[in-house]
A.B. asks: 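Below: one structure in structure tokens.
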Amino acid sequence: MENMNIMQLSNGPAMWIFTGLIIAATIFQSVTLYRLARKYIDKTSLLTKQEISMCLKTGGVVSIGPALSVFVVALSMISMLGAPFTLMRVGMIGSASTELTAASVGTQMAGVSLGEQALTGTAFTAALWTCAFMSSGYLIFVPLVTRGVGKAINNIVVPQKGQKRSRLAWVLSALLPLIIFLALSSIQAFKGPIHFISLLVSAVLMLTLNIMGAKLGKKWMKEWAMCLSVLGGIVTGGVISALL
């Protein structure tokens with residue numbers, strides 16, 4: 001009975017109101033950051049309108065895969081913690097697995113195993129607070145670390161008069177993503193031969209699509225390159241697993 005009351009509360013009007021306010025604040029922040037970014041780009045001419053459009057399209061396409069994975073995990077969160085709780089956390093942070101882990105830690109501290117035992121009021125409150133404390137690190141860490149960094153980056157990255165792009169900006173834009181992807185992909189590649197082959201197929205497919213897109217003048221190939229390469233790697237891994 002208590003579990004039913006808690007689930008009714010977690011899906012009640014009060015939770016939806018608070019969730020709506022948080023999501024509205026998140027949308028407001030997104031719009032504000034986008035406007036500031038456009039204003040900065042117009043001021044510094046770092047990107048052309050075509051490049052901005054390509055970045056937006058590429059980001060939207062690439063986000064489809066992660067969004068689907070988040071959606072699948074979010075479904076389990078809805079059944080255990082309610083729809084408003086899930087929308088509040090996933091809509092603000094975007095990582096359903098991280099939020100689910102934090103909520104599980106909170107309920108365990110209250111003596112309840114999330115998904116296995118009936119949810120109590122104390123456990124639900126603990127889950128809320130644990131998720132809140134977990135995400136508060138972003139609010140504290142970002143201002144402390146980035147304070148003053150913007151001006152230093154401007155002095156390095158913004159091109160000098162008469163130059164379209166800063167040379168260091170080209171180097172950073174080429175090396176940093178490569179280092180990050182290599183670090184993340186190497187962890188997966190060494191898990192086994194199937195992972196390695198899938199990664200290799202994805203890399204070859206992405207490189208091929210980018211080269212063909214440049215030679216043929218097909219922008220959509222570049223915009224869809226990452227999405228199609230990830231899909232190719234997934235299909236390759238599935239086929240190899242089925243054959244073995």
Side-chain angles (χ1 to χ4, degrees), residues 15-71 73-74 77 83-102 128 131-160 163-166 168-181 183-184 219-220 222-227 230:
M15 283 295 296
W16 278 113
I17 291 174
F18 285 114
T19 299
L21 292 174
I22 292 176
I23 296 300
T26 303
I27 295 174
F28 173 77
Q29 289 177 338
S30 301
V31 173
T32 302
L33 289 174
Y34 173 77
R35 293 180 63 183
L36 290 174
R38 286 300 300 266
K39 184 178 180 180
Y40 179 80
I41 290 173
D42 293 339
K43 180 180 179 181
T44 58
S45 300
L46 289 176
L47 297 173
T48 63
K49 292 184 178 180
Q50 291 76 13
E51 289 172 336
I52 295 173
S53 178
M54 179 178 291
C55 289
L56 292 175
K57 290 180 181 178
T58 304
V61 172
V62 172
S63 65
I64 294 175
L68 291 176
S69 63
V70 169
F71 177 76
V73 179
M77 284 187 65
F85 184 103
T86 303
L87 179 61
M88 178 196 306
R89 302 307 310 170
V90 175
M92 181 168 56
I93 300 299
S95 176
S97 58
T98 302
E99 296 296 326
L100 186 58
T101 301
L128 280 170
C131 290
F133 277 119
M134 183 272 298
S135 60
S136 65
Y138 297 101
L139 301 176
I140 299 173
F141 180 79
V142 172
L144 291 177
V145 174
T146 59
R147 184 176 179 84
V149 175
K151 293 182 179 180
I153 292 178
N154 284 339
N155 295 331
I156 298 174
V157 175
V158 174
Q160 302 296 325
Q163 295 181 357
K164 183 180 179 182
R165 301 283 174 83
S166 169
L168 184 58
W170 278 105
V171 174
L172 292 177
S173 62
L175 288 181
L176 289 182
L178 180 61
I179 294 173
I180 293 173
F181 277 110
L184 294 175
K219 293 183 179 180
W220 69 267
K222 294 183 178 181
E223 295 169 358
W224 284 82
M226 181 174 290
C227 180
V230 171

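Just the heavy atoms: all of them, side chains too, but no hydrogens, waters or symmetry mates, feed the values below. What you see is a predicted model; the values in this text were computed from it and never measured.
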A.B. asks: Between Ile23 and Leu87, which heavy-atom pair has the shortest distance, and what is it?
C.D. replies: CD1-O, 3.5 Å
A.B. asks: Which residues pass the ring-ring contact (aromatic ring centres under 6.0 Å, His included) test with Phe133, not counting sequence neighbours?
C.D. replies: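 Applying ring-ring contact (aromatic ring centres under 6.0 Å, His included) to Phe133 gives Trp129.
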A.B. asks: Just jot down the side chain to side chain donor-acceptor pair (under 3.5 Å) partners of Ser53, sequence neighbours excluded, or say none.
C.D. replies: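 For Ser53, no residue satisfies side chain to side chain donor-acceptor pair (under 3.5 Å) once neighbours in sequence are set aside.
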A.B. asks: Could you tell me the separation between the CG atom of Leu128 and the CE atom of Met88, rounded to the nearest 0.5 Å?
C.D. replies: 6.0 Å
A.B. asks: Mind checking side chain to side chain donor-acceptor pair (under 3.5 Å) for Ser135 and listing every partner two or more places apart, or none if nothing turns up?
C.D. replies: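 Checked Ser135 against side chain to side chain donor-acceptor pair (under 3.5 Å); matches are Arg89.
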A.B. asks: Going from CD1 on Ile41 to CG on Leu36, what distance comes out if it is rounded to the nearest 0.5 angstrom?
C.D. replies: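 Those atoms lie 11.0 Å apart.
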A.B. asks: To the nearest 0.5 Å, what is the distance between CE on Met15 and OG1 on Thr86?
C.D. replies: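 So the gap between those two atoms works out to 9.0 Å.
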